[in-house]
Number of protein chains: 2
Amino acid sequence: MKTTRNTTAKTAVLEVFEKSKTALSHAEIQKQLNDVCDRVTIYRILDRLVNDDIVHKISNLDGTVKYAKCNHSHQRVHIHNHAHFSCENCHEITCLDTVKPSYIMPHNYKVNEINFTLSGLCPKCLNSNI
Amino acid sequence: MKTTRNTTAKTAVLEVFEKSKTALSHAEIQKQLNDVCDRVTIYRILDRLVNDDIVHKISNLDGTVKYAKCNHSHQRVHIHNHAHFSCENCHEITCLDTVKPSYIMPHNYKVNEINFTLSGLCPKCLNSNI
DNA sequence: TATTATTTGCAACAATGTTGCGATAAAATT
DNA sequence: AATTTTATCGCAACATTGTTGCAAATAATA
């Protein structure tokens with residue numbers, strides 16, 4: 001196992017995740033960081049956090065990529081097999097921790113990871129009659 | 001309903017899809033088109049095809065975006081609720097038409113579209129022991 | 001405190017996607 | 001078939017997103 005250092009930039013990124021209830025894009029993280037570090041550094045920190053299983057990467061239907069901190073770090077083996085919801089109106093992405101899809105695969109496939117993203121209207125936007 | 005014109009460029013793009021068994025990225029389509037039209041035109045054609053429900057857009061876990069022609073055009077209402085498989089080795093994306101996930105949503109969400117992408121090793125790569 | 005290995009900033013680059021606008025071509029109309 | 005209408009195209013320019021190499025800075029370790 002490699003060692004991943006705790007730098008000020010990494011701590012700052014983690015604090016941004018801590019404060020946010022929704023998944024964040026690189027650009028959103030950068031905006032909240034206010035020049036704590038370089039743009040490139042954020043990419044590298046995100047890469048490390050994903051590798052270390054602290055954050056997971058979500059790619060949206062529209063092609064945008066977001067990141068969210070995992071909130072079930074107590075589990076021994078960490079599998080990101082929960083669903084995400086992407087709101088078409090406010091573009092927020094939230095983890096649907098309770099939603100776990102069941103499916104039957106054809107033979108001869110080895111599944112390592114799954115990405116289950118639903119899109120539509122989130123409760124907040126649904127209530128404001130869009 | 002709007003009218004979408006049949007241009008030579010659009011026909012050429014559709015032929016590329018017809019020939020391909022896997023989903024294609026914008027870059028892959030451009031390469032196969034051999035300067036039939038401009039790069040920008042391909043983007044616009046793809047947008048139209050997606051809007052017209054002739055092609056669907058798939059965004060992969062790694063952030064790449066691909067497109068595939070729908071092979072069930074006979075259906076009245078077209079819902080892209082089948083799964084896709086993305087191979088980590090050869091990076092091919094194929095439609096898993098037989099795989100339909102079942103799931104239970106929390107209240108207050110309106111689901112319009114779902115994106116279910118599994119990644120791992122496809123049969124072809126699994127057999128060549130990667 | 002000194003060492004060493006990771007991390008950072010900068011610069012430069014590559015890939016991807018978007019927009020405006022005049023020119024072109026497909027479809028509809030005469 | 002010629003004309004009109006309007007979607008589409010090409011070009012140029014730009015914006016965003018992500019990557020790489022390398023010297024300097026910094027965290028962890030001894």
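The figures that follow rest on heavy atoms only: side chains count, while hydrogens, waters and symmetry mates do not. Convention: sequence-line order gives letters A, B, ...; per-chain numbering from 1. In this text the structure is predicted, and so the values were computed from the model without any measurement.
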Taking the six-membered ring for Trp and the full ring for Phe, Tyr or His, determine whether the centres of B:Y103 and A:F116 are under 6.0 Å apart.
->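 Between A:F116 and B:Y103, which both carry aromatic rings, the centre distance is below 6.0 Å.
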When you look at B:Y109 and A:L126, which way does the side-chain contact (heavy atoms from CB on, under 4.5 Å) test go after all the steps?
-> CA-CA 7 Å; B:Y109 282 90; A:L126 198 60; over 6 Å; no
What does nucleotides 8-17 of chain C look like as a protein-contact string, B for base, S for sugar-phosphate only, - for none, at under 4.0 angstrom between heavy atoms?
-> BBBB----BB
Residue of the set A:E113, A:K69, A:H84 for which side chain to side chain donor-acceptor pair (under 3.5 Å) holds with A:H56 |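 Of A:E113, A:K69, A:H84, side chain to side chain donor-acceptor pair (under 3.5 Å) with A:H56 is met by A:H84 alone.
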Inter- and intrachain pairs under ring-ring contact (aromatic ring centres under 6.0 Å, His included), touching residues 23-53 of chain B, at least two apart =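 Listed by first then second residue: B:H26-B:Y43.
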Remaining members of the apolar cluster that contains A:V40, side-chain heavy atoms under 4.5 Å =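 For A:V40, no cluster forms, as it stays isolated from other hydrophobic side chains.
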Does B:K66 offer a backbone N or O that forms a donor-acceptor pair with the side chain of B:S25 under 3.5 Å?
->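 Side chain of B:S25 to backbone of B:K66, a donor-acceptor pair under 3.5 Å: no, none is there.
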Please, which pairs that meet salt bridge (Lys or Arg N to Asp or Glu O under 4.0 Å) have at least one residue in residues 35-51 of chain A, sequence neighbours excluded?
->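 Residue pairs with at least one partner in residues 35-51 of chain A: there are none.
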Using the heavy-atom set of chain A and a strict 4.0 Å cut-off, write down the first and last nucleotide of DNA chain D that makes it in, 5' to 3'.
->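 Endpoints of the contacted stretch of DNA chain D: D:dT17 to D:dA28.
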Mapping B:N6 and B:D47 to their closest nucleotides on DNA chain C, which lands nearer the 5' end?
->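 The residue closer to the strand's 5' end, by nearest nucleotide, is B:D47.
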Rounded to the nearest 0.5 Å, what's the gap from CD1 on A:I29 to OH on A:Y67? Could you check?
->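 Output value for this atom pair is 7.5 Å.
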Quick one: OG on B:S86 to NE2 on B:H91, what's the gap to the nearest 0.5 Å?
->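 Nearest 0.5 Å value for the OG-NE2 distance: 7.0 Å.
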When the C1' atoms of the five terminal pairs at each end define the local axes, what inter-axis angle does the helix from C:dT1-D:dA30 to C:dT30-D:dA1 show, to 10 degrees?
->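 Inter-axis angle at the termini of the helix from C:dT1-D:dA30 to C:dT30-D:dA1: 40°.
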